[in-house]
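As the structure lists them, so they are numbered: ligands from 1, and atoms in each ligand from 1. Starting from 1, each residue takes its place in the sequence as its number. For clarity, every value in this text was computed on a predicted model and none was experimentally measured.
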Amino acid sequence: MSAPEMDWPNIGFQYRETPVRFVSDYIDGKWDEGRFSTDSNVVINESAGVLQYAQTCFEGLKAYRTEKGEIVCFRPDLNASRMAESAKRLCMPVFPEDRFVEAVKAVVAANEEFVPPYGSGATLYVRPVMFATSPVLGVKPAVNYQFRIFVSPVGPYFKGGARPVSLMVSDFDRAAPRGTGHVKAGLNYAMSLFAIEHAHALGFNENMYLDAATRTHVEETGGANFIFVTKDGALVTPKSSTILPSITRRSLLYVAEHILGMKVEEREIPFEDVKEFVEAGLCGTAAVISPVGKITYDGGVIEIPSGMEKMGPVLQKLYDTLTGIQMGRIEGPEGWVVRIK
Ligand SMILES: *Cc1c(COP(=O)(O)O)cnc(C)c1O
């Protein structure tokens, strides 16, 4: 379907092929110049490192139109540096961060007609991905890699406003106790599929993972970090080296502290303390903030006081401020909103 015919508010969150992607290959120890491609398929050897030992990592960010009609994206430099960290941990070559940002802009511009209109709630999701293309059989890093950026228009995460979600404390671990939880990689998601299917079958929207080593502290969900609001209005978020460092979370903490004048704390959060919070939310690129209404665990149910009806007032204020900055309605810190066109 061509872009002008799309029913933007109802397109959902799924892959939709767009005309142009950026592709660069790492061969003979270096990244080539890169090129645009109209081919959405990848042909690789049956023993490629990505297929045998899951040598792959990815990123996710959005491009959208602001109130003034400009096409922008949000803090792509942080996606570039996070992907560099993921690549290093998986023994993959780093795609240069400045080239990453330039390629994001170029692919979005090349698929301009698929950037949804301002106010539709839809955005253009940008997916950079890197994977090992050359064959391996013994366990070792591959020699050749491909870096690719494709884009797909996605609908608004919530239609008709955010409804709070219901979580269960998972018996599973999201990632290994140490060393891999901060890596944005398919391998962590593959290991979480069984747990999320289990939670869905029991009627929950998502899992709350506790730290794998002691199972006493709050970590994150499968694909979003936690933020909590205390009785006295402070914003609290788990401190842990095994969760994925969310760019949305970093931005919300900054907005809370420097724009809204809130007290902000990043600290270990014992699960026992969760019942003391008055608001709870999940944060990530896709939804920005999803409110949490209930958390079910072995010993009972925690009902977050802000309830199952809508987002609590403090999180709503944070949400409005951050999305206001992203959409160009509120002036944000220098460099956050990057103009593409
Ligand atoms: C991507 C991701 C997040 C959210 O990060 P953002 O940069 O805010 O989109 C949180 N947790 C996990 C496991 C993720 O993969």
message: Would you say E17 and S40 are linked by a side-chain donor-acceptor pair, where the criterion is simply a distance under 3.5 Å?
response: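 Yes, because at least one side-chain N or O of S40 sits under 3.5 Å from a partner of the opposite role on E17.
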
- prompt: Tell me, which residues have any heavy atom less than 4.0 Å from some atom of ligand 1?
  reply: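 Heavy-atom contacts below 4.0 Å: R82, R174, K184, Y189, E220, G222, G223, A224, N225, L244, S246, I247, T248, G284, T285.
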
query: Should side-chain heavy atoms under 4.5 Å link Ile, Leu, Val, Met, Phe, Trp and Tyr, which residues sit in the same cluster as I295?
result: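 Members other than I295 - counting any ILVMFWY side chain reachable under 4.5 Å - are V165, L167, V169, M208, L210, V218, F226, F228, V236, I269, F271, V274, F277, L282, V292, Y297, I302, I304.
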
field: salt_bridge(R215, D173) N-O dist < 4.0 Å
entry: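 Yes.
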
- prompt: Does any N or O in the side chain of Q52 come within less than 3.5 Å of the main-chain N or O of E46, such that one atom is a donor and the other an acceptor?
  reply: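 A pair under 3.5 Å: yes.
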
message: Please check if the number of heavy atoms outside L137 that lie under 6.0 Å from its CG is greater than 12.
response: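 For L137, atom CG is not crowded (no more than 12 foreign heavy atoms under 6.0 Å).
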
query: With H217, which of K239, R267, E272, E268 fulfils side chain to side chain donor-acceptor pair (under 3.5 Å)?
result: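 The residue from K239, R267, E272, E268 that satisfies side chain to side chain donor-acceptor pair (under 3.5 Å) with H217 turns out to be E268.
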
